[in-house]
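For ligands, and for the atoms within them, numbers begin at 1 and follow the listed sequence.
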Amino acid sequence: MNLRTHPVVCFAAMLTIPTVQAGPYSAGLDDRANSYDAPVPGFVGPHGVGKARIDDGTGQFQNPNNRVNPLFFAWASNCSSYERSDTDAGFNEPEYALGPVTGDNFDVVSLGDLTAAQITTGNPAGRITLKFTKPIRNLSGADFVIFENGFISGFNTGGSGSGGVYAELAYVEVSADGVNFVRFNPVSLTPSAVGAYGTINPTNVYNLAGKHVNAYGDCWGTPFDIGQTGLSEISHIRLVDVPGSGAYKDGGNRSIFDSWRTFGSGGFDLEAVGSISTPMTFGQWPLLAELPANMRTTTADPDNDGIPNLMEYAFGLLPWEKNPKGTGWRCQTITVGAESFYEFTTLRDERCMDLVRDLQVSSDLKIWTTLARSTAGGVFLPQNGFTPLISDQRVGDLASVGVMREDRIRDTRPVSESAKRFYRLSITRPTP
Ligand SMILES: [Ca+2]
Ligand SMILES: [Ca+2]
Ligand SMILES: [Ca+2]
Ligand SMILES: [Ca+2]
């Protein structure tokens with residue numbers, strides 16, 4: 001719904017408010033620890049995580065110093081098809097779904113809503129298919145994020161009462177060839193119809209787009225993990241509107257309810273689709289484009305934090321933000337039983353495909369031998385007959401995002417052995 005087209009919200013025929021059992025899924029905004037679908041902020045910066053930088057139309061900006069979340073490496077670039085299900089005017093230009101998120105809830109394309117009669121007749125629901133220039137790979141955690149224009153409603157109208165999300169939901173389908181699509185398995189535990197312009201409790205909804213808030217200054221998107229579909233890489237994402245009458249079902253054959261029926265910008269409103277898991281080389285790293293032209297080399301250090309650009313890229317850091325000394329790589333002593341061992345910790349962005357990372361040992365600082373190696377963004381593996389203990393885990397405060405890793409590599413040779421042993425981390429970019 002867009003209030004520009006519907007300045008008066010009508011809520012006739014509202015239902016009584018049922019007792020609602022909340023599900024385990026994420027809230028409408030800023031629920032970073034949720035293990036299912038923690039929403040991903042479209043913007044970050046000094047005005048707060050998830051606070052959109054929006055042109056208010058007079059040349060003034062809300063949250064002017066925030067920027068689009070640099071976690072996103074690509075945005076939908078083409079619309080392959082767009083079939084709206086109603087004939088309402090406005091919000092029918094698919095170009096509004098392309099390019100970076102804006103946080104502007106009017107910068108959308110609507111899929112349209114179906115009437116009860118049309119649902120009975122079997123009219124198809126509105127749908128749109130978007131294409132990415134580079135494939136999105138299944139890396140750790142969420143791989144892409146969908147931004148609709150839901151908002152926290154102050155109206156005590158729907159199934160979850162005041163403070164629920166005014167949500168228009170859509171099924172999400174992905175494809176590697178633009179022909180064969182696989183649908184994410186949707187879950188909707190909303191117990192009953194919420195009426196036109198009613199709200200839902202988003203903790204009852206999973207694997208449907210449209211449950212998170214992206215309006216009036218708050219900008220959060222819904223994460224999707226390609227790993228759930230059995231595909232390893234995709235190029236197309238299709239959204240199919242769910243008219244929330246209850247006629248459309250989730251993966252457990254439960255009725256899906258959302259605000260229904262809506263007009264003007266009826267049904268799902270797509271604002272943007274961002275990719276996290278787009279493999280990169282240093283030269284393709286989108287963060288480079290935001291640096292001054294003479295500061296884009298591998299060795300340049302525009303933020304003067306002692307970490308050259310190639311290392312900022314390798315460690316998933318920001319080349320324009322000063323990182324504390326020692327960020328990205330450290331060594332500590334770990335005691336196991338009666339003995340101590342050196343353990344190395346390093347950061348790794350899984351999307352950096354062109355790097356070779358070697359943890360190396362030497363007894364004389366001249367001849368170095370590799371203890372463990374990571375290639376093409378992958379986990380470290382033991383080398384040359386060494387048997388270091390290796391583990392890795394997600395790093396960062398967003399439970400849905402997994403591409404940023406922290407590796408731990410523990411040498412098996414005790415510290416107490418008297419022979420000298422030096423360590424270094426080497427990050428190289430083999431000549432393409
Ligand atoms: Ca709508
Ligand atoms: Ca994934
Ligand atoms: Ca730097
Ligand atoms: Ca930095």
**Q** How many degrees, to 10°, between Asp305 OD1 and Asp301 OD1 as seen from the Ca ion (ligand 3)?
**A**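 Taking the Ca ion (ligand 3) as the apex, I get 80° for this pair.
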**Q** Report yes or no: does Glu168 have an N/O/S atom closer than 3.0 Å to the Ca ion (ligand 1)?
**A**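 Checking the Ca ion (ligand 1) against Glu168, an N, O or S atom does fall under 3.0 Å.
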**Q** Tell me if the centroids of the rings in Phe72 and Trp75 come within less than 6.0 Å of each other.
**A** yes
**Q** Might you work through the side chain to side chain donor-acceptor pair (under 3.5 Å) test for Thr190 and Asn204, ending with a clear yes or no?
**A** CA-CA 6 Å; Thr190 307; Asn204 284 319; 4.8 Å; no
**Q** Within 3.0 Å of the Ca ion (ligand 3), is there any N, O or S atom belonging to Pro308?
**A**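 No, outside the cut-off.
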**Q** Which N, O or S atom name in Asp269 marks its closest approach to the Ca ion (ligand 1)?
**A**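 For Asp269, the N, O or S atom at the smallest distance from the Ca ion (ligand 1) is OD2.
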**Q** Salt-bridge test for Glu290 and Arg67: reply yes if a basic N is under 4.0 Å from a carboxylate O, no otherwise.
**A** yes
**Q** Distance under 6.0 Å and angle within 45° of the ring axis: does Arg53 meet both against Phe43?
**A**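 No.
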**Q** Determine which of the N, O or S atoms in Glu321 is closest to the Ca ion (ligand 4) and give its atom name.
**A**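 Sorting the N, O and S atoms of Glu321 by distance to the Ca ion (ligand 4) puts O first.
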**Q** Assess Pro319: does it contribute an N, O or S atom lying under 3.0 Å from the Ca ion (ligand 4)?
**A**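 No, outside the cut-off.
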**Q** Quick check: does Thr327 have an N/O/S atom under 3.0 Å of the Ca ion (ligand 4)?
**A** no
**Q** With a 6.0 Å cut-off (strictly less than), is the heavy-atom count around OH of Tyr342, excluding the residue itself, greater than 12?
**A**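 Not buried by this count: 12 neighbours or fewer within 6.0 Å.
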**Q** Please state the angle at the Ca ion (ligand 4) spanned by OD2 of Asp303 and OE2 of Glu312: what is it, rounded to 10 degrees?
**A** 80°
**Q** For residues Pro135 and Pro279, report the shortest heavy-atom separation together with the two atoms involved.
**A**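 Looks like O-CD, 3.7 Å.
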**Q** For a distance under 3.0 Å, tell me if Ser265 has an N/O/S atom near the Ca ion (ligand 1).
**A** yes
**Q** More than 12 heavy atoms of other residues, nucleotides or ligands under 6.0 Å from CZ of Phe344: yes or no?
**A** yes
**Q** Give, rounded to 10 degrees, the angle between OD1 (Asn323) and O (Leu318) as seen from the Ca ion (ligand 4).
**A**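 It rounds to 110°.
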**Q** Within the stated cut-off of 3.0 Å, is an N/O/S atom of Gly267 closer than that to the Ca ion (ligand 1)?
**A** yes
